Amino acid sequence: MAERYDVQEVEARWQRRWEQEGTYQVDLDDPRPPSYVLCMYPYPSGPAHQGHVRNYTFGDVLVRYRTMKGEAVLSPFGFDSFGLPAENAAIKGGMPPRAYTEARIAELKRSVRRLGAVYDWRREIRSHDPDYILWNQVIFLELLKAGLAYRAEAPVNWCPGCHTVLANEQVLADGTCERSGDVVERRNLEQWFLRITRYADELVDALDGLDWPERVKTMQRNWIGRSLGAQFSLPVKNRPELSIDVFTTRPDTAFGMTYAVLAPEHPLVETLTTPEQRAEVEELAARASEESDIERLSSEGSLDKRGAFTGSYVVNPFNGEPIPVYVADYVLIGYGTGAIMAVPAEDQRDYDFAALYGLPVVRTVEPPEGFEGGAYSGDGPHINSRWLNGLDNAAAKAKAIEWLTAQGIGQATVNYRLRDWLISRQRYWGCPIPVVYCPTDGIQGVARDDLPVLLPEDVEFRPTGQSPLRFHEGFLNATCPKCGGPAKRETDTMDTFVDSSWYFLRFANPHHEDGPIDVAAARQYLPVDRYIGGITHAILHLLYARFYTRALGDIGLSPPEIREPFEQLFCQGMIRMDGKAMSKSRGNVVSPDTYFDTVGADALRLFHLFAGPPVEDIDWSEQSDEIIEGCLRFLGRVWRLASGDIGGEATSSDGSPGAGELRREVHRTIARVTADIERYGFNTAVAALMELTNTVYRHVHAGTDGTIVSEAIDTLLELLAPFAPHLAAEAYEHRHGIHVHTRPWPEADPSELAVERTTLVVQVNGKLRDRIEVDAGLGEDEVIALALASDKVQQLLGDVAPRRVVARPPSLVNIVA
RNA sequence: GCCCGGAUGGCGGAAUGGUAGACGCGGCGGCCUCAAAAGCCGCUGUCUGAAAGGGCGUGCGGGUUCGAGUCCCGCUCCGGGCACCA
């Protein structure tokens with residue numbers, strides 16, 4: 001059997017077998033306990049890159065491990081196949097989007113198969129398939145019925161590069177498009193929104209219970225940005241019919257309010273600006289509207305010329321004092337009420353503004369002794385605040401809100417940074433929004449029988465960037481489902497994040513015909529036990545999916561008790577090269593296919609598993625190829641062991657001294673590898689397997705009992721099966737004619753884990769001075785006696801009696817002299 | 001500015017408060033071979049020493065402890081997130 005290992009032949013053969021034998025197919029009547037391991041479904045951009053390989057290798061280890069553990073592991077795969085690149089390719093004169101996308105899917109699928117990652121391909125989902133479009137549209141119409149989808153005019157983000165509007169989540173902090181890098185413009189447009197804000201509280205509260213990386217949870221918390229405060233009105237002086245509503249998180253500081261500020265876009269600006277101030281205010285408003293978000297949001301630069309007095313005054317209801325009303329661009333129309341009470345003493349922005357415009361500063365919270373600087377936003381006793389004096393921040397806040405409520409001028413209010421999710425995209429290659437506009441009946445959802453609304457294929461892509469749907473007569477002209485008269489079809493398509501917000505629910509039964517989600521199947525497999533993907537989706541996809549899961553449950557399309565889609569989330573580190581992310585545009589990709597053709601999938605998998613902790617980023621360097629060679633060398637060592645190529649002269653029999661030691665090492669490795677897999681410690685799991693391999697080699701050379709060696713090799717192959725599945729399967733089949741991936745996961749025998757002999761470390765004053773091989777069962781007195789008797793200790797101590805001896809039997813004694 | 005994460009040999013990295021550097025890469029040496037490759041075996045933190053041994057050593061400075069890479073306080077540097085959100 002000591003034959004050469006033909007990587008290409010063996011890997012291809014096992015990949016076929018796993019699929020043909022349905023090793024990783026699960027069904028609804030599967031008697032094994034269900035579990036669900038999922039990697040984020042990819043946008044198909046061609047053959048897999050190293051990031052995919054890393055992702056799918058991690059997922060595959062878990063799928064194979066849990067299968068050997070006896071679970072029915074749902075392991076589906078799909079493609080997030082709508083999206084801009086396909087359409088851009090068409091505009092550049094390439095293939096039509098469908099053909100282009102399907103060609104990319106075929107390429108990606110091929111490399112995923114060559115990686116040896118196993119999926120139940122019967123469940124494949126592609127978001128551009130008519131079936132998926134149908135259910136996407138059904139869901140949309142149900143959301144519309146439930147009031148969770150609506151159309152409204154709002155200031156939106158327009159990306160000139162992508163020729164479409166974007167969700168807030170798709171605009172980076174510097175005001176550029178996350179996809180194209182263009183500076184995003186603000187436009188007032190009528191668009192479709194999903195009411196994610198209705199779930200804001202639940203989305204933020206439920207984060208606490210999730211087994212997710214803390215930083216992802218923090219990012220979501222920040223994004224939702226819940227703040228608790230109060231809203232109340234400031235009556236305009238001498239104009240009893242007018243008042244300004246303001247939102248504040250610090251109603252306790254209201255006695256220090258020395259002016260009020262309106263956002264330049266605030267509707268009352270026009271009314272409140274006096275003729276003398278008009279020119280100045282209008283100039284400011286004009287400049288603010290022209291400025292990009294980058295400039296507008298920048299905290300850099302002076303506040304000079306960024307504010308203007310309206311000429312009007314409002315009355316501070318707390319003390320009856322009149323205060324001036326300003327307009328300033330640092331107040332945003334989209335947050336709170338678009339107007340604020342300004343308290344310079346306790347808010348740094350207000351302080352800076354006040355300093356510039358010569359406005360008074362009245363402290364209402366006593367700063368601590370020696371406090372220097374402008375605004376003090378910390379806690380402290382209230383001053384200059386009449387009936388709030390002496391109270392701390394929290395008590396004063398509660399009392400202020402109570403007073404506002406009693407006066408009937410305000411109440412406690414919660415504000416969120418989170419906005420509703422804008423899903424309209426002015427692009428072709430996406431799921432059509434299934435509504436028509438009727439001159440008599442207005443917005444009408446397309447009738448169920450007319451779904452799905454599919455994309456016409458006889459379209460012309462224009463370099464203007466305008467969606468071809470807008471010029472396609474056959475698509476545009478529809479009939480109103482209510483009156484039967486002519487109507488115009490919606491030409492916008494959905495954000496592709498809509499597609500990815502529920503695919504994991506569909507996977508439970510992707511062929512279900514009575515609705516988007518098979519409720520019973522979803523109950524069986526969801527939530528996803530292990531969700532694996534990149535940190536890049538920390539907000540976008542992962543927040544939308546949490547929202548959708550809840551919304552679908554609440555409108556009766558999915559099990560309402562499933563609130564969270566992903567019980568545990570694991571975010572793998574990125575692969576970098578020269579400090580930058582590997583990407584096609586940077587031209588620094590190292591194609592996995594090259595490795596499949598040479599060293600094989602197992603060696604590349606091992607590299608990704610072994611190179612470092614899965615959460616950390618890894619650098620692809622010159623050393624990477626050498627490490628891959630090392631992984632290949634390790635696989636060769638295992639293969640030669642398993643095929644009986646080395647040693648072989650099993651000299652001693654059962655009683656050989658090495659046998660017990662080897663067996664203990666095997667069980668120790670079982671325990672280590674199992675624990676490491678559970679905590680995503682794949683790098684140390686592989687290291688443990690390498691150690692065991694080295695140990696077995698030593699025992700073979702030492703002539704340890706062949707039966708024990710053989711057992712050790714079998715266990716080694718079983719433990720290796722999730723990591724290097726092809727080689728493990730091939731070797732195991734050669735030895736036993738059994739498919740290793742159908743074997744139960746080995747269990748560590750606790751009695752084998754108990755060691756008999758151990759090394760007693762002897763320290764003097766905390767420094768290592770001697771090591772003594774001892775019986776592991778020794779007690780405190782015995783190890784101390786041994787330690788004190790040590791020659792080295794005797795020499796060091798001389799005549800001095802130890803002042804203290806600390807013993808941790810059986811492994812350590814520290815003598816304090 | 002605020003909030004996280006990190007810093008360990010030539011390199012990637014291991015280490016429930018208890019032998020720092022597992023495992024691997026690279027390097028050095030040996031065996032095998034006509035030779036090479038492959039393979040197998042061994043050495044490899046640093047200084048000192050012929051050796052035995054000893055000194056030093058986990059970004060920097062303090063502290064807690066019998067004992068600190070690990071815990072606490074104060075810094076430096078790197079990476080990431082948030083940042084006019086009232």
Side-chain angles (χ1 to χ4, degrees), chain A residues 173 213-219 221-223 225-227 229 231 246-251 253 261 263 296-300 303 306 328-332 334-343 346-350 352-353 415-418 535 538-539 574 576 579 606-607 610-613 615-619 621-631 633-634 636-637 640 645-647 672 681 683-694 697-698 700-701 759-771 792 802-808 811-817:
Chain A
E214 213 41 60
R215 54 187 180 135
V216 175
K217 295 204 274 187
T218 304
M219 284 164 76
R221 260 184 221 111
N222 286 342
W223 186 262
R226 176 168 61 189
S227 54
Q231 192 173 315
V246 294
F247 171 77
T248 179
T249 54
R250 296 293 304 276
T253 63
V261 188
R296 179 80 184 270
L297 292 174
S298 169
S299 54
E300 303 296 315
L303 290 165
R306 295 182 63 180
D329 65 359
Y330 80 89
V331 173
L332 308 174
Y335 185 81
T337 57
I340 62 162
M341 67 168 203
V343 184
E346 278 90 32
D347 182 290
Q348 191 60 43
R349 292 155 307 175
D350 294 347
D352 294 341
F353 191 86
N415 241 298
Y416 304 90
R417 201 180 96 109
L418 182 71
I535 187 89
I539 294 173
M574 288 187 316
R576 290 178 316 209
L606 280 180
F607 166 78
F610 182 64
V615 273
E616 303 290 336
D617 290 354
I618 59 169
D619 275 305
S621 65
E622 309 81 56
Q623 207 191 193
S624 299
D625 278 335
E626 287 166 348
I627 295 172
I628 291 170
E629 285 300 322
C631 291
R633 200 170 301 146
F634 163 66
R637 277 166 74 76
R640 283 187 297 278
D645 236 12
I646 68 147
R672 281 172 69 186
N683 55 330
T684 48
V686 173
L689 293 173
M690 287 173 168
E691 279 184 65
L692 179 60
T693 304
N694 295 342
Y697 263 77
R698 271 200 303 281
V700 170
H701 291 304
T759 308
L760 172 68
V761 170
V762 182
Q763 298 178 333
V764 176
N765 293 329
K767 288 194 179 188
L768 174 74
R769 293 302 178 189
D770 202 4
R771 283 171 237 227
K792 304 240 175 72
R803 284 193 302 161
R804 186 176 167 187
V805 180
V806 180
R808 289 287 176 276
S811 56
L812 183 126
V813 172
N814 186 17
I815 298 161
V816 188

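Letters A, B, ... mirror the listed sequences (proteins, then strands); counts begin at 1. Everything numeric here is computed off the predicted structure, so don't read it as measured data.
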- For C40(B), does OP1 or OP2 lie under 4.0 Å from any side-chain N or O of R640(A)?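 Checking R640(A) against C40(B): at least one side-chain N or O falls below 4.0 Å of OP1 or OP2.
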- On RNA chain B, nearest-nucleotide positions of Y335(A) versus Q763(A): which is more 5'?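 Of the two residues, Q763(A) wins.
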- Relative to the 5' end of RNA chain B, which residue comes earlier, I815(A) or N694(A), by the nucleotide with the nearest heavy atom?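 It is N694(A), whose closest nucleotide lies nearer the 5' terminus.
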- Distance only, no hydrogens: is a donor on one side chain within 3.5 Å (strictly under) of an acceptor on the other, for R417(A) and N222(A)?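 Note: R417(A) and N222(A) side chains miss the donor-acceptor criterion.
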Take atom [atom1] of [X] and atom [atom2] of [N], then tell me their distance rounded to the nearest Å.
X: N222(A); N: C4(B); atom1: CG; atom2: P; result: 12 Å
X: R576(A); N: G79(B); atom1: CZ; atom2: C1'; result: 8 Å
X: D770(A); N: U19(B); atom1: CG; atom2: P; result: 15 Å
X: L812(A); N: C66(B); atom1: CG; atom2: C1'; result: 10 Å
X: R771(A); N: G18(B); atom1: CZ; atom2: P; result: 16 Å
X: K217(A); N: G5(B); atom1: NZ; atom2: P; result: 14 Å
X: E691(A); N: A22(B); atom1: CD; atom2: C1'; result: 5 Å
X: F607(A); N: C23(B); atom1: CZ; atom2: P; result: 20 Å

- Smallest separation among heavy atoms of G681(A) and T684(A), with atom names: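 It is O-OG1, 2.9 Å.
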Counting the atoms with a prime plus P, OP1 and OP2 as sugar-phosphate, which does [X] contact under 4.0 Å by heavy atoms, base, sugar-phosphate, or nothing?
X: Q623(A); result: base
X: T218(A); result: nothing
X: R633(A); result: sugar-phosphate
X: N765(A); result: nothing

- Item | Evaluation steps, side-chain contact (heavy atoms from CB on, under 4.5 Å), between I815(A) and R769(A) | CA-CA 10 Å; I815(A) 298 161; R769(A) 293 302 178 189; over 6 Å; no
- Query: Going by modelled atom types, is there a donor-acceptor pair between the base of G81(B) and the side chain of R215(A) at under 3.5 Å?
  - Reply: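 A donor-acceptor contact between them is absent.
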- Do the non-hydrogen side-chain atoms of F607(A) and D625(A) ever get within less than 4.5 Å of each other?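 Result no, sub-4.5 Å side-chain heavy-atom pair not found.
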- Please measure how far the P atom in C66(B) lies from the corresponding atom in C47(B), and state the result in whole Å.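 It works out to 35 Å between them.
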Give each protein N/O atom lying under 3.5 Å from an N/O atom of nucleotides 54-58 of chain B, with the pair distance.
residue : atom : partner : partner atom : Å
G55(B)  : OP1  : R769(A) : NH2          : 3.4
C56(B)  : OP2  : K767(A) : NZ           : 3.0

- Item | Check: N415(A) side chain, S227(A) main-chain N or O, donor-acceptor pair, under 3.5 Å |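 Between the backbone of S227(A) and the side chain of N415(A) there is no qualifying donor-acceptor contact (under 3.5 Å).
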- Specify the glycosidic conformation (syn or anti) of G80(B), with syn defined as within 90° of 0.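 Nucleotide G80(B) adopts anti.
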